[in-house]
Structures are given as C-alpha cells and as structure tokens.
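All chains are named by letter (A, B, ...) in the order of the sequence lines, taking the proteins before the strands, and each is independently numbered beginning at 1. Values below: all heavy atoms of this structure, side chains included; hydrogens, waters and symmetry mates excluded.
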There are 2 protein chains.
Amino acid sequence: MGLKPNSALKASKTLFVLPSLFTFLLVGSQGENTAMDNVATERRAEESHRQDSANLLIFIMLLTLTILTIWLFKHRRFRFLHETGLAMIYGLLVGVILRFGVHVPRNMNNVTMNCSVNASPATLLVNVSGRFYEYTLKGEVSTVKGHDVQDDEMLRKVTFDPEVFFNILLPPIIFHAGYSLKRRHFFRNLGSILAYAFMGTVISSFVIGLVMYGCVTLMKAVGQLGGDFFFTDCLFFGAIVSATDPVTVLAIFNELKVDVDLYALMFGESVLNDAVAIVLSSVLLHYEKQSRQARHGHGETTALVEEQGIPPSSIGAYQPAGDNSHTFDATAMIKSFGVFLGVFSGSLALGVATGVMTALVTKFTKLRDFPLLETALFFLMSWSTFLLAEACEMTGVVAVLFCGMTQAHYTFNNLSPDSQDRTKQLFELLNFLAENFIFSYMGLTLFSFQSHVFNPLFIIGAFIAVFLGRAANIYPLSFLLNLGRKNKIGSNFQHVMMFAGLRGAMTFALSIRDTATYARQMMFSTTLLIVFFTVWVCGGGTTPMLSFMSIRVGVDSDQDSSVIVSDGTQHRNTKHESAWPFRIWYNFDNTYLKPLLTHSGPPLTATLPACCGPLARCLTSTQAYENEGHQHNDDSDELVLNDGNATMYGDVTVSTDASGTRTTNYKHLSASTMGVTSEEALDQELAFGEHELVIRGTRLVLPMDDPPEPTVTLPPPPTSPPPFSDPFSDPFSDPFSDPRRNRL
Amino acid sequence: MGLKPNSALKASKTLFVLPSLFTFLLVGSQGENTAMDNVATERRAEESHRQDSANLLIFIMLLTLTILTIWLFKHRRFRFLHETGLAMIYGLLVGVILRFGVHVPRNMNNVTMNCSVNASPATLLVNVSGRFYEYTLKGEVSTVKGHDVQDDEMLRKVTFDPEVFFNILLPPIIFHAGYSLKRRHFFRNLGSILAYAFMGTVISSFVIGLVMYGCVTLMKAVGQLGGDFFFTDCLFFGAIVSATDPVTVLAIFNELKVDVDLYALMFGESVLNDAVAIVLSSVLLHYEKQSRQARHGHGETTALVEEQGIPPSSIGAYQPAGDNSHTFDATAMIKSFGVFLGVFSGSLALGVATGVMTALVTKFTKLRDFPLLETALFFLMSWSTFLLAEACEMTGVVAVLFCGMTQAHYTFNNLSPDSQDRTKQLFELLNFLAENFIFSYMGLTLFSFQSHVFNPLFIIGAFIAVFLGRAANIYPLSFLLNLGRKNKIGSNFQHVMMFAGLRGAMTFALSIRDTATYARQMMFSTTLLIVFFTVWVCGGGTTPMLSFMSIRVGVDSDQDSSVIVSDGTQHRNTKHESAWPFRIWYNFDNTYLKPLLTHSGPPLTATLPACCGPLARCLTSTQAYENEGHQHNDDSDELVLNDGNATMYGDVTVSTDASGTRTTNYKHLSASTMGVTSEEALDQELAFGEHELVIRGTRLVLPMDDPPEPTVTLPPPPTSPPPFSDPFSDPFSDPFSDPRRNRL
C-alpha cells in the first residue's frame with residue numbers, strides 16, 4: 001500500500017478527523033461556485049480522506065496481526081509475553097519502518113498570518129478573495145516550535161490527540177475493570193486494598209516526586225537539564241507513574257489461578273490506583289493553576305510581563321518570569337486536597353447513582369424479555385455516567401469505574417441471562433480492542449513522537465524513583481496492615497506485589513496528555529521506557545517470580561474457602577478481615593439495598609419495619625418472593641404479583657442438606673432477627689452469593705453454561721461456579737440451608 | 001438540566017469534537033506561559049467541554065427513553081408504530097423544546113479577518129501577539145450566509161456533521177443488513193431482486209427526476225422557485241429518495257412471519273437498493289464535477305469570472321455565470337456510467353475479498369478456541385473493508401454490505417458457536433443504536449435545522465414523484481419478471497411492495513450530506529417529510545395492508561417449502577427460479593468455494609481433479625473430513641490431520657432416514673459425479689443448509705439454543721431451526737439422507 005510516511009501515526013486520530021475531512025471535501029464540491037483552485041482543494045481533501053482511511057487501515061492491520069500472534073502464543077502456551085507486550089512490539093516495528101523506512105514529505109500548506117487580532121476565538125472565518133472559510137481553533141502551538149513551522153506541522157501530524165484516550169479508549173477499559181472485579185475477594189480485602197490504593201499511591205507519588213526533585217537538582221548542577229523542571233512537575237510525574245496497570249499481570253494471575261487473596265489485593269489496588277492517580281494528577285494541575293492565578297492576583301508585575309508577550313526562548317519551555325511556581329502554597333494545597341476529595345467522592349457518587357438507576361430500571365420493567373433492548377439500555381446508561389461526570393466537572397473515568405462495580409453488584413442480577421452474556425462480552429471486546437490499540441500506539445509512539453527528550457540521568461533517576469516509590473508503598477503499608485490483619489500478607493506476597501506493579505494504559509494516557517513543555521516531554525519519554533520495561537521485564541518475569549516466591553497457583557477461586565479450611569493451614573474468612581463498618585454495610589446491603597435494587601435477597605416486606613408495609617410491597621418484585629419460596633422458576637414473567645406468597649416466607653422448616661450435617665429450622669423470621677447477621681453468613685454471602693465475572697476474557701473461554709434461569713434443583717457440583725443469578729445468593733434471606741455450607 | 005439552547009443539536013457532533021476540545025483545554029492550561037486572557041480561554045474550553053458532554057447526554061437520554069418506550073410497546077404488543085417512528089417522535093419533541101422553549105444566546109466569538117491569502121490551506125497558524133494558535137479548516141462557509149455571521153454560527157452549531165452518518169452510523173447498519181440476510185430466500189429470488197434493485201432504482205430515479213424537473217419548471221413559471229434547481233439536481237433527488245429502507249417494514253414482516261418470498265423480495269431489494277442509490281448519487285455528483293471541469297477546460301471566461309470571486313447573490317445559491325451545467329453532456333454521461341459500474345463492482349469485489357480473507361483466516365487457524373480473539377478479528381476485518389474501500393476511492397458502505405454477505409455465507413460457518421452469537425449480538429446492538437440515533441436525529445433536525453426550505457408545490461410534487469417512481473419500479477418490472485417466473489409475483493405482493501417502500505436512514509444521510517445550496521436545502525426538507533410520512537403512515541399501515549391484501553402471515557420460514565408442497569397450492573422451488581448462471585454458481589460454490597473457505601462441504605480431495613491432490617489435501621481441514629464421515633464431534637480441536645479419513649468418503653452406504661422413505665447409497669463418488677447437481681439438491685442446499693440469521697433482533701428474542709457444536713444425533717425436531725453450524729449443511733456432500741428431505 002503506497003502509503004505516505006508517518007501516515008499510520010495519524011491513524012488513530014483519523015477516526016475523529018474523518019467526518020470533518022469529509023465535510024471539507026463536500027463543502028468543496030458543493031454547488032457550482034468553484035474556481036479552479038477549489039477543484040484543487042477538493043482533490044486535496046479527497047486525497048486526504050483516502051490517506052486517512054489508509055492510515056487507519058494500517059492500525060487495524062496491526063491489531064489483526066496482534067490478534068493472530070496472540071492466538072499463536074496462546075495456542076503454543078507461551079506465557080512470557082502478554083498480548084499487550086506483543087502489541088507494543090508490533091507498534092515499535094511499524095514505528096521504526098515509518099520513521100526510518102519511508103521518506104517524509106513536508107506539508108507546505110501552512111500559512112502564517114500576522115493579523116491584528118488580540119484574541120484567539122474558537123472559530124475564525126477567513127475571507128479569501130470573497131469566499132469565507134471556516135477555521136476552528138485546534139489549540140495553541142507551543143512557541144518553542146514556532147521557529148520551524150514545517151517541523152511543527154509534522155509533529156502535529158504525528159502526535160495523536162491525547163484526549164482520545166480519555167474520552168474513547170480508557171472508559172471501556174476502566175468500566176470493564178469495575179464490571180469484572182471479583183467482588184468476593186475484593187470485599188474480603190477491602191481495608192488493605194483501600195490502604196494500598198489511597199495511602200500507597202499518595203506515598204508513592206510523593207516519594208517519586210522527591211527522588212525526582214533530587215535527581216533534577218543534580219541534573220541542574222551538572223548542567224544536564226535543558227529546560228525548567230519544577231517541584232510540581234516532579235509531583236505530577238510521581239502521580240502519573242504511580243498508577244499500576246490492572247491488566248497485564250492479572251491476566252497471567254488469572255490463567256495460572258494464582259492465590260485469590262494476592263489476586264484480589266493486586267487487582268483491587270491497580271483498579272483504584274488508576275482512579276486515585278488520575279484525580280491526584282488533575283488536582284496537581286489544579287494546584288498549579290491555583291497558584292498561578294494567585295500570582296496573577298497578587299503580583300501584577302508578572303502578569304504584565306506575560307501580557308506583553310515574552311518572546312519564546314530558543315530552547316526549553318516558555319516559563320513565566322517569576323520562578324515561584326514551585327514554592328509551596330499552603331492555601332492552594334489545602335484547597336487542592338479539598339478538590340481531590342470532592343472530585344473523587346463526587347465521581348464515585350455519580351457512578352453509583354447511574355448504576356443504581358440502571359438497576360431500578362431493569363428491576364421494575366420487564367425489559368429482560370428483550371435482551372437487545374436491555375443490553376442497549378445497559379450500555380447507554382453506563383456511557384451516560386461518563387458524560388454526566390464530565391458535564392458536572394467530575395472525572396468521568398472514575399465515575400465509570402464505580403458505575404461498573406455497581407452494575408456488577410446490582411444490575412447484573414436483574415439482567416436476563418442472555419443480556420448478562422451480551423454485556424460481559426461487549427465490554428470484554430471493547431476492553432480488548434481499546435487496550436491493544438493503546439499498547440500498539442505506545443510502541444509506535446516511541447519512534448514516531450518527534451520531541452522525545454531522553455535524558456540518561458533522568459531516566460536512571462526515574463527507574464530508581466519508581467522502584468523506591470513502589471517499595472515505600474508496599475512494604476511499610478503491608479507491615480502496618482499485618483498488625484491488624486489476622487491473615488497476614490506474607491513477605492512473598494509483598495515481593496510479588498512489589499515486582500508486579502506494571503505501568504500501563506493509564507500512565508501512558510496521563511503522560512501523553514500534555515507534552516508541550518520540556519519537562520513534560522522528558523516525562524513522557526521516560527514514562528514510555530518505564531512502561532516498556534515493566535510490561536516486558538516484570539510482566540514476562542511474573543511466572544518465574546511466582547514459582548520462585550512459591551506462591552500457590554492453580555487455586556480454584558470458587559472452592560478456595562473450603563480448600564483452605566480442609567487443609568487446615570490457613571484461615572481466611574471474611575470475619576478476620578472485615579471490620580465493623582463493613583459488616584454494617586453488608587447487613588444494610590443485604591437487608592435493604594439488594595432487595596430494593598435486585599430480585600434477590602429477602603423481600604422488603606420482611607426486612608422493612610411494619611410501618612413501611614405498603615411501600616415495601618410496592619418495591620418487592622414477584623421474583624423476590626419466588627426466590628424465597630422456591631416454588632416457581634422465574635421464567636414465568638407474566639406471573640401476577642401475589643402478596644399471599646409473602647406469608648410463606650417465615651414458616652419454612654427445611655432439611656435439604658445432602659450430607660445431613662446441617663438442618664436449618666427458621667420459624668417466623670422477623671425483620672429484627674434478619675438484621676442480626678452472623679459473620680459466617682456474611683462470609684458465605686461473599687463466598688457464594690455473587691456471580692463471578694472473571695477477566696479471564698482473552699485467556700480462557702468464558703463458560704457459557706449459565707442456566708437460563710435459576711432452577712430449584714439443589715446443589716451444583718462443587719467444581720462448577722454458582723449460577724449467575726443464583727436464588728441462593730443471599731444466605732440471610734434463605735431459610736434453606738445451602739448445601740455448600742458444610743464444605744466449610 | 002440547565003442546558004444552553006440548541007445544545008442537543010450539537011450533541012451528535014460532540015462525540016468527535018470532544019477530543020479536540022479537550023486538546024484546546026489542555027493546550028490552554030499547559031505550562032506556565034499564560035496571560036489572563038489565556039485563563040479565560042481555558043475557562044471557555046472547559047465550559048465548552050462540559051456543555052458538549054451535557055449535549056451528548058441529552059442524546060443518550062433520548063435513546064434511553066426510546067428504548068423504554070419501545071419495550072412498553074412490545075410489551076403491550078402495539079404494532080402500529082415501529083421503534084424508528086418512535087425515535088423520530090421523541091426527536092421531534094426535543095427539537096420543538098430546543099427550538100421554541102429555550103432562549104438562544106449568540107456566540108460573539110467570530111472574528112472575520114480580511115487577509116491577503118489567496119489560498120485556503122488545511123491549517124492556519126495565527127500569530128496573536130507573539131503566540132501561535134493553530135486553526136484547522138472546517139470547510140467553506142456557504143457565501144449566502146456570509147452576510148449574517150451570527151446566524152451562520154448558530155446554523156453551523158445546529159447542523160451536525162453529515163459525514164458522521166457515512167463513516168460511523170451507516171456502516172454497522174448496512175453490515176448488519178448483509179450479515180442478517182436470509183440467504184436461502186434471497187438466492188431463490190435473486191434474479192427478481194437484482195432487477196428491482198438495479199433497473200428499478202434507476203427507473204425510479206429517472207422517473208422521479210423527470211417529474212421533479214417538470215415540477216421545478218412549473219414552480220419557476222409561477223415564480224415559486226427561490227433559487228436555481230437544475231436537471232442534475234432533480235436526478236440527484238431521484239437517486240436519494242429511491243433508496244428504500246430495509247429496516248422498519250421488515251421488522252414488522254419478521255414479527256408477523258410474513259410470506260418468505262415477499263420478505264426476500266422486499267429485503268433483498270431494499271438492501272441492494274441502498275447500495276445502488278449511494279453509488280448512483282455519487283456518480284451524479286461526479287458527473288456534475290466532470291461537466292464542470294469540462295467547462296473549465298473549454299470556457300476560460302467562466303473560470304476567470306469565478307476566480308475573481310463573484311460576490312454572493314443576496315438570495316438563492318451562488319451559481320456560476322454559465323448556466324450550462326444542466327445540459328446533458330453525453331461523454332460525461334458515458335464516463336459516469338463507467339464510473340458507476342467500476343465503483344459498484346470494485347466495492348463489491350473488495351467486500352467479498354475481505355470476507356473471503358476472514359473466512360480463510362478463521363478456517364486455517366484454531367482461533368475458534370478463543371472466541372474473544374475471533375470476534376475481535378471478525379470485527380476488525382469487517383471494519384477494514386470499509387476503510388480499504390474508502391482508501392481505494394470505492395464506496396465503503398457498499399463494500400461493507402457485500403462483506404457482510406460473504407461473512408455470513410462463509411466465515412460464519414467457521415466461527416465457534418460462541419463467536420457466532422457474539423458477532424450476531426454485537427452487530428445487532430451496533431445496528432440498533434445507530435439506527436435509533438439516526439431516526440431520533442431525524443426528528444430533531446426538522447426543528448433544529450435552520451435553513452429549511454418548505455415549498456408546498458415542491459413537496460406535493462415530490463410526494464407524487466415518489467409514488468410514481470415506486471410504481472414505475474414495481475409494476476412494470478413485476479410484469480416483465482412474471483413472464484419469466486414460474487412462481488408469479490402476485491398483484492397483492494406488488495401492492496404491498498409498492499406500499500411498503502419506506503424511506504429511511506440512507507435517504508436521510510444522502511440528503512443531509514450536502515445542504516449548502518438552495519436546491520439541496522429544499523431537497524433536504526422535502527426528504528425529511530417523505531421519510532416521516534413513509535415511516536409513520538406506510539410503516540404503521542403495513543399490518544392492516546397485509547391483511548387487506550390477504551398476504552399469508554405466520555409462515556415459519558424454515559418449514560416453508562414443506563408447507564407449500566403439502567398443501568399443494570404453490571410450488572416455489574429454486575429450480576423454478578434459478579436460471580442456469582445461478583445453478584452454475586451454486587455448483588461451483590458448493591463444490592469448490594465452500595470446501596475451500598469453510599469446514600463444510602465435501603473435502604476438496606474429492607472434488608478437485610486428481611492432479612491437484614496434494615494442494616487439495618493441504619486446503620481441506622480435518623473437520624471437513626469429520627463432517628463427511630460423521631464419525632467425530634468436531635469439539636476435538638486438537639485432532640491431528642488424518643489423511644486416512646479421506647478414504648472413508650466415497651464408500652459409505654447409509655440408510656438413516658427415520659421414516660425409511662429414502663435410502664441413499666453413494667459408492668465411490670468421484671469428482672465428476674459431484675459436479676452433477678440436481679436442482680432438487682440445490683434447492684435443498686438453499687432450504688436447509690444455511691444458518692438463518694434473522695433480523696428479528698429487536699422483535700423477538702434470538703434463540704440461544706444453538707448446540708455448542710454440531711452433534712451427530714440425527715433429525716432435529718421439525719419445529720426447531722437447523723443448528724447454525726450444521727454438518728448437514730451441504731446435501732451434495734452428505735451421503736446421509738437428510739431426514740428433513742422427505743417432508744418435501
């Protein structure tokens with residue numbers, strides 16, 4: 001395909017540029033009001049569209065090639081290189097070819113006009129000999145490159161719009177992470193995960209920031225620094241490289257069926273990590289802005305100098321005359337902390353809110369009769385979370401994460417089995433495509449990005465800083481956590497967590513988001529190397545590391561509890577982990593939220609106080625009664641709400657256990673006794689009640705054996721995972737003894 | 001939601017504008033080189049991003065609302081309004097609210113500069129007091145509105161980039177149409193379908209063009225025409241309103257299980273229709289361009305006048321001085337016809353080629369072990385068809401249609417059952433979302449589009465023309481076809497085809513693609529009304545129409561042949577329909593292509609001449625032998641290629657028919673005897689061999705009962721559709737008698 005050089009680099013951008021290019025073409029060809037130069041413009045636009053399609057095609061081919069090679073690797077059971085690493089390698093190869101193999105023609109179409117406008121409006125109408133052309137503002141071009149317009153033109157072509165990551169590619173990845181969270185193990189280790197994710201990330205950011213500041217000071221001393229690099233830049237760097245990737249290592253963990261607690265810790269940390277890092281870095285930008293605005297308010301001199309337009313320095317980023325931006329402004333810092341909390345909790349609330357709304361809609365309509373409609377609604381509601389958060393000036397990606405978790409916890413139970421599969425598969429596919437696209441672009445950008453600043457000292461410093469930052473996150477926190485944990489986080493676990501802290505899509509997206517200044521360019525180049533190193537070396541070394549550290553592999557997560565108890569070596573029940581706030585939450589969730597939002601759980605009529613009776617009857621679905629009574633299969637969607645069923649609830653005496661070890665006799669369970677939850681029951685709920693969405697996605701074929709509806713036939717064989725919409729999902733509400741219990 | 005007026009109108013555009021707006025924001029906030037006005041710019045950009053997210057959110061909410069109402073309608077079994085009609089109504093409501101309910105603030109940010117540039121480069125760098133801002137060309141602004149920049153600004157905001165339809169929304173719709181084509185009935189009626197689609201569309205275009213030209217001449221005579229309207233414009237209008245929509249009516253047909261031949265005729269015609277109309281309209285544009293270039297070549301005066309920039313006329317479209325563009329240029333006409341053939345066949349070839357490539361890849365790799373990879377590959381390959389076609393200056397939408405058909409015919413058989421579901425569901429979802437998005441946008445645009453030209457005479461003329469055009473397509477062609485058809489197309493069929501020729505997404509997309517001139521604006525407004533009328537009135541009236549015309553409903557398409565034969569009233573076997581070219585094609589397809597591209601069919605070792613033995617052995621998959629021998633289930637993916645199996649092929653004597661009516665005894669089937677294909681066998685192949693992908697999508701729940709792999713257990717009960725990857729798919733190659741045969 002006789003492609004113009006550097007063409008694939010624009011490819012990803014093409015997707016979004018295509019429509020406007022087409023417009024260009026058409027506006028050009030419309031009507032009859034065209035002179036010869038207009039015909040030429042038309043040609044150029046046509047050519048450009050052709051070119052763009054070809055460019056995007058290269059990317060598609062790259063992905064196709066990656067898929068085929070992944071298949072080959074999986075087929076041959078190579079585990080040393082994950083698909084993301086592979087995508088990077090292919091990206092690198094294409095980058096090399098485009099950079100060195102193809103001649104770069106220069107685009108001579110730039111016209112620099114010096115007009116007496118002193119504003120930069122969003123739209124320009126340029127009057128070219130009687131005809132009006134509309135131009136939209138792309139943004140300010142870094143003045144450093146203003147010297148050589150031709151180079152800049154090329155650079156712009158090569159640099160693909162970084163916001164594509166944040167608005168198109170990251171949301172499905174993060175949503176998928178939330179939707180596929182193994183919540184049982186996640187909640188079991190929630191305290192530790194939160195500690196690692198919040199405190200750990202902040203610690204890591206500051207440690208990396210400090211080390212880098214030392215490194216930068218050293219570089220300045222030896223004259224290696226070609227531009228400004230402030231303390232806030234260092235902190236920003238710390239924040240972006242503190243986001244660990246939930247994908248690469250965990251795919252390996254999943255395939256190897258590594259110890260579930262380790263898995264939960266790594267996965268939970270990585271997922272929340274991303275959310276923390278993105279909010280943290282945006283808060284740092286906000287802090288910068290704050291202090292800048294403060295300067296503008298107080299120091300008029302600075303502002304005046306800036307307004308007059310300082311000519312760009314010949315090398316290095318253009319920085320304000322006042323060098324005070326790296327001094328610490330306490331007020332701005334506190335404000336920023338407030339912003340951090342506000343943005344994080346706001347995004348969380350939004351995500352949960354849309355999740356809950358989806359759950360309510362799917363519960364109270366019979367949309368489940370039409371899986372396509374259900375899936376479409378699910379998709380649209382999940383997408384709207386992102387938009388809503390962005391519209392409210394929150395962080396869309398964070399909202400999407402919590403929306404995914406809420407959808408998995410509540411909505412998923414209301415979906416028809418068909419929609420459960422469809423939504424899982426849809427987001428799995430989107431995640432797969434987005435992820436491989438990002439990683440192959442990452443490889444490509446190493447050669448295609450024109451403003452790389454590879455500074456050996458900085459790079460070495462960064463690797464040391466990342467190592468130290470990770471260590472300062474894992475080891476001290478593990479020590480502290482072990483003081484409180486009955487089930488200690490072993491030193492082998494700690495080493496693996498230390499080793500397997502890969503950096504991936506989020507780090508890359510955050511670092512490419514802004515590559516205008518010298519500092520940011522150096523950060524970007526270094527970040528790329530860090531991602532490559534961690535994905536290839538740490539990712540590839542995970543399997544040997546696991547065996548070296550003698551971590552248990554081949555654990556069936558669904559049987560985990562029973563296995564452990566039977567061999568008597570370890571006791572990790574939730575009661576050991578979960579502090580009272582979580583237990584209170586669980587009781588609340590199981591007694592009120594689940595019944596309210598899903599068809600599972602005890603009917604609200606049983607759990608709510610008597611005064612709320614009519615409301616409770618309204619909100620309780622027929623299926624909830626059915627699940628309680630176990631009298632009907634829930635495929636009878638047309639059943640009329642039968643309040644009489646509710647009275648069956650309290651009166652059941654059952655002895656269904658196959659092995660006969662446990663006979664349950666609940667008589668007249670009242671709302672008050674329902675509230676009293678034994679820790680064992682809580683553990684049970686966590687252990688068996690939830691559907692297991694695994695990210696084995698690309699690794700293992702998703703089991704298609706979900707029964708179309710929860711059947712009343714009793715114990716599923718121990719090896720099969722519990723059915724997705726298991727009527728036994730809530731042991732509190734279930735007066736029948738769960739036969740799986742006696743395996744404990 | 002306190003939204004700014006007209007905001008939702010930009011919503012759809014937002015999806016693509018978002019990234020660049022984000023860039024805008026970030027470039028603004030980057031570094032420290034900001035004066036106070038830059039902070040303001042930043043604010044504006046942030047606000048703009050917030051706004052855009054909110055706008056897109058409105059659209060998502062609109063779709064969500066549509067989904068919920070659709071569910072309600074389905075639930076209550078309302079059939080008078082299809083979901084697309086509903087989406088339009090909601091769009092209309094939102095359009096009314098935005099138009100009349102909200103105040104429109106004017107954007108004062110436009111700066112019109114008169115600079116001494118005499119070219120319109122793709123990128124402008126504007127030097128604003130020392131800082132460079134990059135502007136990209138959006139396109140030429142129609143000079144008519146150059147007078148009032150404020151109005152124009154609003155107009156542009158309201159008019160959503162029409163190329164989004166062609167590059168984002170139409171491809172999945174058209175691909176889905178191709179992928180879900182009921183190929184059995186399609187091929188049965190192929191001759192008639194091709195006649196309707198090709199000749200019919202051309203006839204319809206010309207009839208409508210001529211009627212409209214008459215109408216326009218009349219309007220000119222009575223002084224009702226506010227601008228120029230040439231004959232080519234009339235023809236263009238004819239082409240765009242000749243594309244009938246394959247979606248709305250067929251969903252009703254599908255739900256009612258209408259007569260399969262009627263279904264096949266309507267569906268086949270509508271689908272190919274779109275392809276013909278899009279190529280025809282682009283050829284008309286090409287013809288315009290050709291004749292324009294010819295004028296430029298010969299008549300230098302015109303060119304000169306144009307180059308000097310004629311000031312825009314105060315009303316009406318800006319037209320060149322020479323009014324000769326509507327004269328008929330024979331050379332350009334012939335060239336255009338050549339272009340039509342070239343573009344159509346080129347696009348077809350490209351689509352088929354990528355389909356075949358996908359089939360080969362899925363056949364010769366064991367990608368089916370990893371459904372996610374398989375689905376991703378399928379998706380990427382199908383998408384690459386579109387890009388490849390656009391890169392080759394073909395029509396992507398047409399390529400995608402034929403790619404979809406090829407994928408369904410060949411690749412689908414190679415996919416794992418899981419991937420078969422996934423791909424169907426994925427494209428079903430994409431189709432659903434894209435379709436409803438287009439239709440709701442259509443409703444919205446009736447009020448939001450600012451340059452509507454509603455001319456009563458033109459509208460009445462257009463409705464008459466559309467009616468006449470459809471009549472001139474259906475009735476004469478049906479008469480001619482009935483001369484050749486044994487199974488006549490009854491007059492009731494003809495009336496329904498006449499009545500149910502709805503106009504939908506393609507017509508809308510073609511008409512909104514260019515709304516710059518007066519003629520095009522009038523066309524667009526009129527087209528909108530035609531779409532509304534046909535979707536609401538004709539779509540809603542389909543069910544009464546069917547019963548009025550006493551068309552058979554409730555036909556199970558899979559049992560159709562047997563039903564017909566048993567009641568003895570009608571004989572519609574393929575032998576009556578298919579002329580010799582199709583029979584030759586079938587033999588070729590079944591003997592060579594299917595075995596080459598899929599796992600089904602007779603092994604190539606049996607069908608290819610002996611000299612090609614080694615090649616044939618290479619190309620024949622293990623599964624093909626297995627399918628022949630019926631000795632193994634094909635879930636044993638790890639089976640080594642066993643050439644010995646091939647010898648089993650010729651020697652089988654079987655009598656498996658449950659009712660004992662037919663005993664098949666094939667001994668030593670040679671390649672030559674394989675080539676002799678009885679017409680009955682051909683009919684069988686068409687009748688049972690193919691999986692049935694139905695577009696019942698949103699209507700009926702897709703059956704999830706495909707067996708995970710083709711099993712050897714014999715007859716499926718008559719009521720169940722044949723399993724998707726049926727080993728019996730090719731009766732020629734199948735020495736076992738198909739028990740379903742005796743139902744004939």
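- For the pair B/Trp71/A/Leu377, no side-chain contact is recorded, criterion being any heavy-atom separation below 4.5 Å from C-beta on.
- Listed by chain and number, the residues in a side chain to side chain contact (heavy atoms under 4.5 Å, CB included) with A/Asn431 are A/Ile173, A/His176, A/Glu435 (sequence neighbours excluded).
- If you tally non-hydrogen atom pairs under 4.5 Å between each of A/Leu426, A/Leu433, A/Leu429 and chain B, the highest count goes to A/Leu429.
- What you find for A/Ser384 and B/Ile60 is that their closest heavy atoms are CB-CG2, 3.9 Å.
- Atoms CE and CG, from B/Met61 and A/Leu388 in turn, are 7.0 Å apart once rounded to the nearest 0.5 Å.
- Contact of the A/Asp418 side chain with the B/Gln425 side chain is registered, since non-hydrogen atoms from C-beta on lie closer than 4.5 Å.
- To the nearest 0.5 Å, the span separating CG on A/Leu57 from CH2 on B/Trp383 amounts to 10.0 Å.
- For the set A/Leu367, A/Thr375, A/Leu68, A/Asn436, the count of heavy-atom pairs under 4.5 angstrom toward chain B peaks at A/Leu367.
- Residue B/Ile67 touches chain A through both its backbone and its side chain, counting heavy-atom pairs closer than 4.5 Å.
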